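Since we're looking at a predicted model, the values are computed, not measured.
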Amino acid sequence: MPIKIRTIIDFKSRSQRVVQDDSSMDAVVISDGLTQSCWAHMPQELLREVIFRIEASEDTWPQRKSVVACAGVCRSWRHITKEIVKIPQFSSKITFPISVKQPGPREHLLQCFIKRNRSTQTYHLYLSLTSTLVDDGKFLLSAHKCRHPTGTDYMISLDANDVSKGSNNYVGKLRSNFVGTKFTIYDAQLAHAGAKVTKSRSTRSANLKQVSPKVPTCNYPVAHISYELNVLGSRGPRRMHCVMDSIPASAIEPGGVAPTQTEFSLKNIDMFPSSTFSRSKSNCEENSVSELLGDQNDGVLVLKNKAPRWHEPLQCWCLNFHGRVTIASVKNFQLSASPENGPAGPEHDKIILQFGKVGKDVFTMDYRYPLSAFQAFAICLSSFDTKIACE
């Protein structure tokens with residue numbers, strides 16, 4: 001037993017020199033030199049025991065960076081760490097950068113919050129570390145608002161400062177129409193492992209070796225959000241309608257499955273000319289997810305906002321956020337499965353995503369399966385946008 005304990009202590013000091021820690025998600029560094037190190041030849045049984053104990057003991061951030069460090073020692077350590085560390089659906093923990101693209105836990109809401117910076121038009125998503133409404137948090141994603149003549153784009157990145165589309169950290173975007181009533185969520189890659197895309201002129205002309213040859217680098221439309229016209233003007237609540245094109249309606253049922261990304265397809269996007277991807281943009285965004293994923297046996301998941309009730313003494317519309325929202329705002333909402341997904345059942349009563357104001361520029365965001373942090377963040381960003389036709 002003393003030998004194992006000493007091994008864990010020695011490893012932690014060694015691993016901290018391997019992992020590059022920046023302001024965004026803790027990066028995993030793997031090089032060929034490390035694969036031949038003495039750490040790669042540790043007995044598999046001992047290695048599993050070491051990583052298992054670290055994963056069990058370091059269950060919150062910032063201590064959890066020791067788990068990320070395990071994946072940065074060498075390739076064999078990385079493979080075993082990925083086997084031991086469960087995805088958010090089963091662990092309720094966000095560990096690796098890819099975790100933001102994976103569905104949240106089934107049994108409860110994963111608590112996060114968003115900070116808005118009005119001067120820079122940026123939004124930062126953090127994982128809540130305590131039960132309080134706002135704490136230091138663990139940075140997950142950032143978004144930058146970019147206006148153009150026909151609408152608005154929110155570029156979403158894994159980096160707090162670098163939100164350009166050509167960056168390695170770019171993961172997707174949210175695009176709105178001119179009046180801010182319709183939005184499309186684009187993902188930089190598809191979750192479906194067997195997805196195949198017909199070759200277009202732009203992808204043929206590129207003639208580049210892709211990391212994932214079946215799925216070229218594009219923006220894939222994975223969800224559509226619409227806000228209905230508010231006939232009561234600013235006095236009435238907004239009405240939201242979200243069509244999750246990449247999630248089957250059966251995902252909310254017991255035993256249902258939602259697509260889950262296991263790793264980022266393009267880890268070395270900077271090695272390819274940026275002009276190639278700009279040429280491919282239009283072709284990819286014209287393809288629907290149904291065309292890219294193939295025919296589905298059932299429909300897609302549809303979410304709608306829970307209707308608030310009028311509180312006469314307070315003279316306002318009210319929803320029960322169970323203490324997670326403290327300031328009344330037209331932006332506040334709760335989403336649940338729509339009856340369009342089939343006969344109403346217990347799964348339709350569950351709140352899948354809720355968003356609300358707790359400070360001048362601070363908002364809570366709580367989500368659960370089958371949404372990922374990325375999808376939930378993009379939906380919440382749509383609530384920030386000005387809606388000329390609705391207000």
Side-chain angles (χ1 to χ4, degrees), residues 25-26 28 44 47-72 76-112 125-131 137-141 158 171 187 189-194 222 244 246-265 301 303 335-337 345-354 365-379:
M25 201 52 108
D26 300 272
V28 178
Q44 294 291 304
L47 177 56
R48 287 182 181 275
E49 179 69 16
V50 170
I51 298 177
F52 179 81
R53 291 196 176 198
I54 293 176
E55 201 280 335
S57 61
E58 313 292 354
D59 60 345
T60 59
W61 289 94
Q63 292 81 10
R64 198 156 179 80
K65 76 170 57 173
S66 296
V67 180
V68 180
C70 292
S76 61
W77 282 63
R78 178 174 183 263
H79 293 156
I80 293 178
T81 302
K82 289 177 65 177
E83 291 177 7
I84 294 176
V85 177
K86 303 301 182 183
I87 60 176
Q89 176 185 346
F90 303 111
S91 66
S92 301
K93 300 173 184 176
I94 292 183
T95 305
F96 301 113
I98 192 62
S99 299
V100 300
K101 289 293 194 74
Q102 297 170 338
R106 284 182 178 269
E107 301 303 324
H108 62 88
L109 293 166
L110 196 59
Q111 296 182 347
C112 305
L125 174 66
Y126 297 87
L127 174 68
S128 297
L129 302 182
T130 65
S131 58
K138 166 62 182 174
F139 172 80
L140 298 179
L141 291 167
L158 291 168
V171 293
D187 199 328
Q189 72 180 59
L190 288 174
H192 194 274
V222 295
M244 309 304 298
S246 61
I247 303 177
S250 59
I252 62 173
E253 300 174 359
V257 178
T260 303
Q261 296 184 16
T262 56
E263 61 182 8
F264 292 111
S265 295
L301 178 65
L303 304 176
L335 292 183
S336 58
E347 60 274 5
H348 290 78
D349 296 330
K350 291 182 178 179
I351 300 300
I352 295 178
L353 171 63
Q354 67 177 18
M365 185 199 88
D366 305 335
Y367 74 99
R368 72 162 79 220
Y369 190 91
L371 293 184
S372 66
F374 164 75
Q375 293 166 336
F377 184 43
I379 293 174

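- Considering every non-hydrogen atom in both F96 and A71, the closest pair reads CE2-CB, 3.9 Å.
- Between C70 and W77, the shortest heavy-atom distance links the atoms O-CB, 3.2 Å.
- Interatomic distance, OG of S99 versus CD1 of I87, reported as 9.0 Å (0.5 Å rounding).
- K101 has its side chain within reach of I98: a pair of non-hydrogen atoms, C-beta onward, lies under 4.5 Å apart.
- You'll find the side chain of M365 reaches within 4.5 Å of the side chain of L353, heavy atoms only.
- Taken from CZ in R368 to CG in L335, the straight-line distance is 12.5 Å, to the nearest 0.5 Å.
- From F90, atom CZ reaches atom OH of Y369 across 7.5 Å, with rounding to the nearest 0.5 Å.
- For the atom pair CG (L371) and CG (L110), the distance works out to 11.5 Å, reported to the nearest 0.5 Å.
- Of all non-hydrogen atoms in K350 and R106, the two that sit nearest each other are NZ-O, 4.4 Å.
- Side-chain contact check for R64 versus V85: some heavy-atom pair is nearer than 4.5 Å.
- Residues D187 and V171 fail the side-chain proximity criterion, which asks for heavy atoms closer than 4.5 Å.
- Looking at every heavy atom in both residues, L127 comes nearest to Q111 through CD1-O, 3.6 Å.
- Between I51 and E83, the closest side-chain pair of non-hydrogen atoms is not below 4.5 Å.
- A salt bridge is absent between K86 and E55; no separation between the charged side-chain nitrogens and carboxylate oxygens falls under 4.0 Å.
- You'll find the side chain of I352 reaches within 4.5 Å of the side chain of P370, heavy atoms only.
- Here the side chain of T260 pairs a donor or acceptor atom with the backbone of A258 at under 3.5 angstrom.
- Residues Q89 and V257 have side chains not in contact (no heavy-atom distance under 4.5 Å, counting atoms from C-beta outward).
- Side-chain atoms of Q102 come within 3.5 Å of backbone N or O of Q261 as a donor-acceptor pair.
- Residues P259 and P103 come closest through the heavy atom pair O-CG, 3.9 Å.
- Taken from CD1 in I84 to OG in S91, the straight-line distance is 13.0 Å, to the nearest 0.5 Å.
- Here the closest non-hydrogen pair linking C112 and L125 is CB-CD1, 3.8 Å.
- From S128, atom OG reaches atom CG of D366 across 7.0 Å, with rounding to the nearest 0.5 Å.
- With contacts defined as side-chain heavy-atom distances shorter than 4.5 Å, the pair Q354/L109 qualifies.
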